[in-house]
Amino acid sequence: MHMMTIGRFAEATGLTVKALRHYDEIGLLAPAHVDPESGYRYYEAAQVEDAVAIRRLRALELPLEEIRSLLHADADGFRSGLAAHGYHVAAETHDKQMLLIELAAIVEGGGAAVELELVDEPELRLAATIRQLPQDDVGDGIQSMCRRVLEHLRALGIEPSGEPTALFRGGDRKDWHLVEAGWPVGDDFLGDDEVAVQVYDASPAVRYDYRGPLDELHPAAQRFIATVLGQGHRISQPIRIVFIGDDHARLVWPLAT
C-alpha cells in the first residue's frame, strides 16, 4: 500500500502539518499508519477527500467536536453528515452564490450561456498529483504537474490511457484552487509514493467542448459553471478539464443520479 508522508499530505489537502498532528491527537483525522520506531505519520490518498472536507467545514466554523462526532460515525454516517451540513450551508447562501457566479460569467465572458451536452462519462482512473494553485498560476501549474506525472509513468514503462486531465476543487483563499492533475491510466498502475491513483466512478455528466487559446479558457469555464448551475443540475464529482490539444479542451461535470 502506497502512502503519503505528513508533509506531502499537508501539501495535497491545504492543511498544515501542525493542524494534521492536532487532528490526530484529538481523534479527528488519524493517519493510516504511524511508524512505531520513528513516530512518522503516513496517510492514504483516499483520505484526501475527507481532509479537504474537514478543512472546508472548519472554514465554515463548524466546531471540532461536531466534526469529530461525524468522524466517529460509520463511513456512511460520516459522509451523510458532511453532505447534510454542506446542503444546509448551500441552502442558506444559494441565491448569493448563484448571483456572484452569474455576474462573474457576465463580466469575464460576455454573459453568453454555453451549449451543454448530456453524456455518460466512463470511469476515470487518474494518476495525478495534487496542489493548491492561485488562478494566475493554474495553466503553468497544470502543465508542470502533468509533465511530472508523465515522466514518472514512462520511467515505469507505463503509457497513459487518455489525455491529460485536471480536476478542480475550491481552495482556501479567493481565486485559489485545489487542483488534481495528471493522466488517465489502466489498472496496471495502482499508484506509488510519487503519484497517486484516484478512481472516479462512471456517471452521467454535462460536457462542453471549448475551442480556442487555452490562456482564454477561464472565461469559458465561468460561463460553463454558470450555465450548469443555472439549469439546476446537481453535481456529484469535481469539475474536470480534459486537454485534448493546443486549442481544444473538454469541460466535464459529473451529475448526481
Side-chain angles (χ1 to χ4, degrees), residues 2-15 20 29 32 42-56 59 79 82 86 121-153 158 160-173 175-187 189-203 205-207 210 214 217-218 221 224-225 228 235-244 249-255:
H2 300 289
M3 299 187 184
M4 290 185 280
T5 64
I6 192 170
R8 287 193 63 209
F9 192 72
E11 180 183 13
T13 61
L15 292 168
L20 287 170
L29 181 64
Y42 296 89
Y43 296 80
E44 296 178 353
Q47 293 181 279
V48 168
E49 291 286 351
D50 288 345
V52 171
I54 290 169
R55 174 174 55 77
R56 288 175 175 168
R79 296 187 186 280
L82 291 181
E121 193 69 15
E123 178 186 88
L124 172 65
R125 299 186 77 258
L126 188 66
T129 58
I130 303 175
R131 287 175 57 189
Q132 292 265 351
L133 294 172
Q135 178 58 47
D136 290 344
D137 294 343
V138 164
D140 290 341
I142 289 175
Q143 287 186 23
S144 174
M145 295 163 73
C146 289
R147 182 168 55 249
R148 170 185 166 190
V149 171
L150 183 61
E151 290 172 352
H152 184 71
L153 291 175
I158 297 169
S161 60
E163 305 294 338
T165 300
L167 277 69
F168 292 79
R169 301 169 177 84
D172 286 336
R173 288 164 280 178
D175 295 329
W176 279 67
H177 306 276
L178 182 63
V179 179
E180 179 181 0
W183 296 76
V185 292
D187 55 13
F189 179 61
L190 302 179
D192 55 27
D193 291 336
E194 293 297 321
V195 174
V197 173
Q198 291 278 42
V199 179
Y200 295 92
D201 292 337
S203 171
V206 286
R207 189 170 72 186
Y210 166 82
L214 293 185
L217 175 59
H218 181 59
F224 174 71
I225 292 170
V228 172
I235 308 307
S236 64
Q237 298 176 26
I239 188 172
R240 67 185 72 161
I241 299 179
V242 183
F243 297 94
I244 300 173
R250 176 168 293 152
L251 288 79
V252 180
W253 216 348
L255 302 176

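Predicted, not measured: the structure shown is a model, and the values here were computed from it.
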Point to revise | Audit row: Leu133, Trp176, side-chain contact (heavy atoms from CB on, under 4.5 Å) steps and yes/no | key: CA-CA 6 Å; Leu133 294 172; Trp176 279 67; 5.6 Å; no
Looking at every heavy atom in both [X] and [Y], which two are closest together, and how far apart are they?
X: Gln237; Y: Ser203; value: NE2-CB, 4.0 Å
X: Ala166; Y: Ile142; value: CB-CD1, 3.7 Å
X: Ser144; Y: Arg131; value: OG-NH1, 4.3 Å
X: Ala196; Y: Ala45; value: CB-CB, 3.7 Å
X: Ala249; Y: Ile241; value: CB-CG2, 4.0 Å

Contact between [X] and [Y] at the side-chain level, heavy atoms closer than 4.5 Å - yes or no?
X: Tyr43; Y: Leu20; result: yes
X: Pro254; Y: Arg240; result: yes
X: Leu251; Y: Leu217; result: yes
X: Cys146; Y: Val149; result: no
X: Glu44; Y: Phe9; result: no
X: Pro184; Y: Leu124; result: yes
X: Val48; Y: Ile130; result: yes
X: Ile6; Y: Tyr42; result: no

Exercise for review: Check whether any side-chain N or O of Gln132 sits under 3.5 Å from a backbone N or O of Val179 as a donor-acceptor pair, and report yes or no.
Suggested key: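 No; zero donor-acceptor contacts below 3.5 Å.
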Review point. Under the 3.5 angstrom rule, does the side chain of Thr165 hit a backbone N or O of Trp183 as a donor-acceptor pair?
Key: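 Such a contact is absent between Thr165 side chain and Trp183 backbone.
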Atom [atom1] of [X] and atom [atom2] of [Y]: how far apart are they, to the nearest 0.5 Å?
X: Gln47; Y: Ile54; atom1: CD; atom2: CD1; answer: 9.5 Å
X: Thr13; Y: Leu178; atom1: OG1; atom2: CG; answer: 8.0 Å
X: Asp136; Y: His218; atom1: CG; atom2: NE2; answer: 9.0 Å

Review point. Taking atom types as modelled and ignoring hydrogens, do the side chains of Gln135 and His177 form a donor-acceptor contact shorter than 3.5 angstrom?
Key: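 Yes, a side-chain donor-acceptor pair sits under 3.5 Å.
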Practice item. Would you check, one step at a time, whether the test side-chain contact (heavy atoms from CB on, under 4.5 Å) holds for Ile235 with Val228? Key: CA-CA 9 Å; Ile235 308 307; Val228 172; 3.8 Å; yes
Check your understanding: Out of Asp192, Thr129, Ile158, which one pairs with His152 under the side-chain contact (heavy atoms from CB on, under 4.5 Å) rule?
Key ->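 Exactly one candidate clears the test, Asp192.
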Check your understanding: Any ion pair linking Arg250 and Glu163 (charged N to carboxylate O, less than 4.0 Å)?
Key ->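 No, no charged N to carboxylate O under 4.0 Å.
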**Study point:** Non-neighbouring partners of Arg148 that pass salt bridge (charged side-chain N to carboxylate O under 4.0 Å, His left out), sequence neighbours left out
**Key:**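 If we apply the salt bridge (charged side-chain N to carboxylate O under 4.0 Å, His left out) test to Arg148, skipping adjacent residues, the hits are Glu194.
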Check your understanding: Under the salt bridge (charged side-chain N to carboxylate O under 4.0 Å, His left out) test, which residues partner Arg125, sequence neighbours left out?
Key ->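 Expected list: none.
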Review point. Residues two or more places apart in sequence or in another chain: which of them pass side chain to side chain contact (heavy atoms under 4.5 Å, CB included) with Ile239?
Key: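 Ile239 satisfies side chain to side chain contact (heavy atoms under 4.5 Å, CB included) with Phe168, Phe224, Ile225, Trp253 only.
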